*Asks:* 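Mind looking over this structure? Questions follow.
Just so we're clear, the structure is a prediction, and the values are computed from it rather than from any experiment. A note on names: the letters A, B, ... follow the listed sequences, proteins ahead of strands, and every chain is numbered from 1.
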4 protein chains.
Amino acid sequence: MPTAQQPSTGRRRNPATRAAILGTAFDVVAELGYARLTIEKVAAQAGVGKQTIYRWWPNKGALVLDAVLERSLGAGEPGDLPDSGDLEDDLTAVLVATVEEFADPAFDRALRGLTAAIIEDPELSQVYRERLDEPMRDLKRRRLRRAQEAGQLDADVDLDLAVDLIFAPVTRRWTERSGDLSPEGVRAIVRGALRGLAGSV
Amino acid sequence: MPTAQQPSTGRRRNPATRAAILGTAFDVVAELGYARLTIEKVAAQAGVGKQTIYRWWPNKGALVLDAVLERSLGAGEPGDLPDSGDLEDDLTAVLVATVEEFADPAFDRALRGLTAAIIEDPELSQVYRERLDEPMRDLKRRRLRRAQEAGQLDADVDLDLAVDLIFAPVTRRWTERSGDLSPEGVRAIVRGALRGLAGSV
Amino acid sequence: MPTAQQPSTGRRRNPATRAAILGTAFDVVAELGYARLTIEKVAAQAGVGKQTIYRWWPNKGALVLDAVLERSLGAGEPGDLPDSGDLEDDLTAVLVATVEEFADPAFDRALRGLTAAIIEDPELSQVYRERLDEPMRDLKRRRLRRAQEAGQLDADVDLDLAVDLIFAPVTRRWTERSGDLSPEGVRAIVRGALRGLAGSV
Amino acid sequence: MPTAQQPSTGRRRNPATRAAILGTAFDVVAELGYARLTIEKVAAQAGVGKQTIYRWWPNKGALVLDAVLERSLGAGEPGDLPDSGDLEDDLTAVLVATVEEFADPAFDRALRGLTAAIIEDPELSQVYRERLDEPMRDLKRRRLRRAQEAGQLDADVDLDLAVDLIFAPVTRRWTERSGDLSPEGVRAIVRGALRGLAGSV
DNA sequence: GCGTAACCGAGACGGTACGTCAAGTCTTTGC
DNA sequence: GCAAAGACTTGACGTACCGTCTCGGTTACGC
């Protein structure tokens, strides 16, 4: 893990090696999925000794999480969610962009692998939450708070509930490979979450 | 798979063996999770030859799916969802019951294992949908249709969308181990889905 | 084994089945050798249940021995060795015929398989001696005895010793795949055995 | 195999491991015979991973051959055959010593196993010839050549033929477990080979 | 001519071993 | 002292056969 304190002496960690390992790990999980990814394959393909991987990552899960993080956040901190004034449009745009990412087979498989690992491994899921999920939720909550201030959202609605109502249905359709993930289907989810199912009752 | 037509001759499949394998598979996945479940371990613990497992199930995923199905639907076909006339109460009750199942560590781990397998394996996910997910969705859609007939739900709302809006948030909180899964939290999800986030807009 | 006494009642053994099994066993050992011959393969290839083989033969070795016997002695009891009056010629002819049998790849492999089994299995080697080796040695001893009577062989030489001196070198060259097995080489063995190595000493 | 050139880097092969494997392999083949020797058993009994065996030996045969070689030639290169001046005595002594080795049940079973393997496997038989059989034949030929020089053996007799005539009968009696292997029986073979069967003809 | 005993094809079953793959650790060498 | 190469133990993989055991069906006596 990158939190390791700098040692006082000796050769320093080679950043190029780290990058090669993470890049290869992403490629492998994208090609073979998580279950069939092996440390050995990553090491060989990255031109690196197995020990070099074991020195820095405790297991497959941590490695893949880092690999996906590196690739996702690679370009730097993600900016805020769009704010055109029209909440439904903005949320739909974000979700459509997410669905489009899923359409890339490499990203799809990598993310499925990571998600599968997270479901079973509590420690990994905590790291995932802290480093990927919470930052993203924060952006979402910020956008929704502005919507509340603009009177487009109930002032007393719990923002975590709101995020789940809006985003969880898409995730569910993706993980289980069933349900409408077209732009129209996604917009219907947003509209449903905002207006409610019970109509003018 | 049980759909295989009876061969004209030869020794017949032993149902006790099948039951022992599925029971043991459930126990093992409940104890160790999916990743550390091993066909070898199941065979040994069930007092069964490995080949007997490989003869009838193509891989870990299929085995675990059958094991969970057997345990879940063991008692027979699940009846309809409750219908007290109050939709919010009924849906909350169903979700609270689901959450309570998750609270059983054995069931929790078994279901996590199955879910992880499904995310990565398209074939398995199809079988899962056909044999577990779709039947359950059907019950949910039936209850919601009655609510439409009673005027408690918009007549033109898509029922699959409705099911996702109501049930996906709970699933998300469970898989990622974050978010409020208390009865109150669950009721808030139902209420949010029914009334919408945007209030009287 | 065929010596089993006939039971008083019940269906009798099907000779066609026996023949099919032995024929297939020979083919398989001729193609794959003894080590890779499998009861299962023989059963499948002969269109026969495994149990039918196990009912009549206790193990691979017995089966292969019977198969080779059936094929070797198939046409009936082998007649006497040739007796033209010239001992060297006659013995050379017999050995050349033997070498020619070895040249048939199927027979070669089958016999190698049987021989390998015999070397390791004392029981099998006893059956082999009684049913194949001793009858053949008897023919050889008979020919040599006539040679003694004709004054072509020392009267006081032990006939078993004589048989071994004449025939063992060829067998050795075959099993170890080294040494001259041409007609000339074989004749040299016979001549050497008859005249001795020490010349006129 | 020892011919592998040393790589420039990496952990070196552990000679103690090699010795443990070969020693155990010999013990196992001596106890159970070749057919029932199992790589798995050797690995377990030698306290070694299976992979370590498969890394260095391609199959059972090669392993057993090496094991027998190691045990036979363990003490170093075998010296020349005895040369007392009396050829019959010397050859008889060598053969009697061989027969005495066969009397050790462990060596007997180990050698039977190896021999069985060699009969069926051409590649193995070649290695056997090069590393065990040819060196021994060479010693024998050398002794016989000295006998020729001393006028005790025909000058024009082929030495390979001579070796086969003298030694093959003993081997045959051993492999087929029939025939006289007593010191007298062995001396009779030597005498027969030297003097010939046809007497003063 | 019917029962019953043995034969037969088929194939499930509990097992053992196969030969391969990968995990994670350790050792050696080179930079 | 990091990194590579690679030997090592461990253990699971999925396959192939083992030898035993039903199962349903079929002869073929012998009462």
*Asks:* Let me spell it out: for each of D/Asn14 and B/Lys41, pick the nucleotide of DNA chain F with the closest heavy atom. Which residue's pick is nearer the 5' end?
*Replies:*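 Looking at DNA chain F, the more 5' nearest nucleotide goes with D/Asn14.
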
*Asks:* Closest approach to the side chain of C/Lys50, judged atom by atom: which nucleotide of F/dT20, F/dC13, E/dG19 is it?
*Replies:*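 It is F/dT20.
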
*Asks:* Could you state the interatomic distance from CD1 (B/Ile53) to CD1 (B/Ile21), rounded to the nearest 0.5 Å?
*Replies:* 5.0 Å

*Asks:* Is there a side-chain polar atom (N or O) of B/Thr52 under 4.0 Å from OP1 or OP2 of E/dG14?
*Replies:* yes

*Asks:* Respond yes when some side-chain nitrogen or oxygen of D/Trp56 is under 4.0 Å from OP1 or OP2 of F/dC8, and no when none is.
*Replies:*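 Yes, because at least one side-chain N or O of D/Trp56 sits under 4.0 Å from OP1 or OP2 of F/dC8.
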
*Asks:* Which one, E/dT28, F/dG19, F/dA4, comes nearest to the side chain of A/Val48?
*Replies:* F/dA4

*Asks:* Taking the side chain of B/Gln51 as its heavy atoms from C-beta onward, which of F/dC8, E/dG15, E/dG19 lies nearest to it?
*Replies:* E/dG15

*Asks:* Between A/Glu31 and A/Lys41, does any NZ, NE, NH1 or NH2 come within less than 4.0 Å of an OD or OE carboxylate oxygen?
*Replies:* no

*Asks:* Against the six-membered ring of B/Trp56, is B/Arg18 placed for a cation-pi contact (under 6.0 Å from the centre, within 45° of the normal)?
*Replies:*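 Not flagged: B/Arg18 not positioned over aromatic ring of B/Trp56.
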
*Asks:* Tell me which of B/Glu40 and D/Gly49 sits closer to the 5' end of DNA chain F, going by the nucleotide each one is nearest to.
*Replies:*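 Taking each residue's closest nucleotide, the earlier one in sequence belongs to D/Gly49.
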
*Asks:* Atom CG of C/Leu37 to atom P of F/dG19: distance rounded to whole Å?
*Replies:*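 Distance, rounded to whole Å: 11 Å.
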
*Asks:* Please determine whether a side-chain nitrogen or oxygen atom of C/Arg12 lies at a distance below 4.0 Å from atom OP1 or OP2 of F/dT27.
*Replies:*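 No, C/Arg12 has no side-chain N/O under 4.0 Å of OP1/OP2 on F/dT27.
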
*Asks:* So, OP1 or OP2 of F/dA16: does either fall under 4.0 Å of a side-chain N or O from C/Thr38?
*Replies:* no

*Asks:* Using whole Å, report how far CD1 of D/Ile21 lies from C1' of F/dT9.
*Replies:*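 Whole-Å distance recorded here is 12 Å.
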
*Asks:* From CH2 of C/Trp57 over to P of F/dG19, roughly how many Å is that when rounded to an integer?
*Replies:* 15 Å

*Asks:* Side chains of C/Arg36 and D/Glu120: closer than 4.5 Å at any heavy-atom pair?
*Replies:* no

